[in-house]
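Lettering follows sequence order; numbering is per chain, from 1. In this text the structure is predicted, and so the values were computed from the model without any measurement.
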Number of protein chains: 2
Amino acid sequence: MKTLIREKRTEKNMTQEELSQALQVSRQTIISLEKGKYKPSLVLAHKLSQIFECSIEDLFIFEGDENIQGLH
Amino acid sequence: MKTLIREKRTEKNMTQEELSQALQVSRQTIISLEKGKYKPSLVLAHKLSQIFECSIEDLFIFEGDENIQGLH
DNA sequence: AATATATGTAAAGTAACCTTGACATGCGAT
DNA sequence: ATCGCATGTCAAGGTTACTTTACATATATT
């Protein structure tokens, strides 16, 4: 899975610290998400999409078996 | 958080077993999701939205602090 | 009455998400 | 040169998602 979190964040001129506070998570969580260390929970993905004013599907790119078989 | 998984599934005349196979998860996972016992991972939510041909935001209703502060 | 199908519960284990805290690096400003 | 800010690493621990297995219930069919 790929994510556009960093791109969207810098477009908005936000620091990791600011984003973490808006989401009410630790800054470490932002770092890990941006670096692809792990995938956000559904709720966190939703909050990110609210902040960046886009859909969840716009923020994340699902690859391979992250899609259902036969699609994409 | 509320989910429309059960409604969408029955609309499609699918059993829990069929849905679980399409998603490649256990039937127990479907039961737990439908009953609201826990929230799906982002990838699972995405797969569900593919099967039901809708957006993730259409499948799940976020409440209270599952939205960012000041919104909704 | 017995069998099949769909749905449900419970328990115990593994893996992933997320946290806190401490410390390191690069860079621009004073 | 050093101070502050933004970013990063590492490690340990808690919570939650998800699995497997086994068993229970309701309904419909034969």
Rounded distance in Å - [atom1] ([X]) to [atom2] ([N]):
X	N	atom1	atom2	answer
A:Ile31	D:dA6	CD1	P	13 Å
B:Lys47	D:dA17	NZ	C1'	14 Å
B:Lys37	D:dT15	NZ	P	19 Å
A:Glu34	C:dC18	CD	C1'	16 Å
A:Leu33	D:dT7	CG	P	14 Å
B:Tyr38	C:dA10	OH	C1'	14 Å
A:Leu42	D:dT15	CG	P	22 Å
B:Met1	D:dA17	CE	C1'	12 Å

In residues 17-28 of chain A, what residues come within less than 4.0 Å of DNA chain C, judged by heavy atoms?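 Contacts with DNA chain C under 4.0 Å: A:Gln24, A:Val25, A:Ser26, A:Gln28.
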So does [Y] get a backbone contact from the side chain of [X], meaning a donor-acceptor N/O pair under 3.5 Å?
X	Y	answer
B:Glu66	A:Val43	no
B:Arg9	B:Met14	yes
B:Thr10	B:Asn13	no
A:Lys2	A:Gly36	no
A:Asn67	A:Phe62	yes
A:Glu18	A:Thr15	yes
A:Glu57	B:Ile56	yes
B:Ser41	B:Leu44	yes

With sequence neighbours excluded, what pairs up with A:Lys12 under the salt bridge (Lys or Arg N to Asp or Glu O under 4.0 Å) test?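 A:Lys12: salt bridge (Lys or Arg N to Asp or Glu O under 4.0 Å) contacts with A:Glu53.
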Looking at C:dT7, D:dC18, C:dT9, which one has an atom nearest to any side-chain atom of B:Lys35?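 Nucleotide nearest to B:Lys35's side chain: C:dT9.
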Going by heavy atoms closer than 4.0 Å, what residues in residues 2-15 of chain A are next to DNA chain D?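 Heavy-atom contacts with DNA chain D come from A:Arg6, A:Arg9, A:Thr15.
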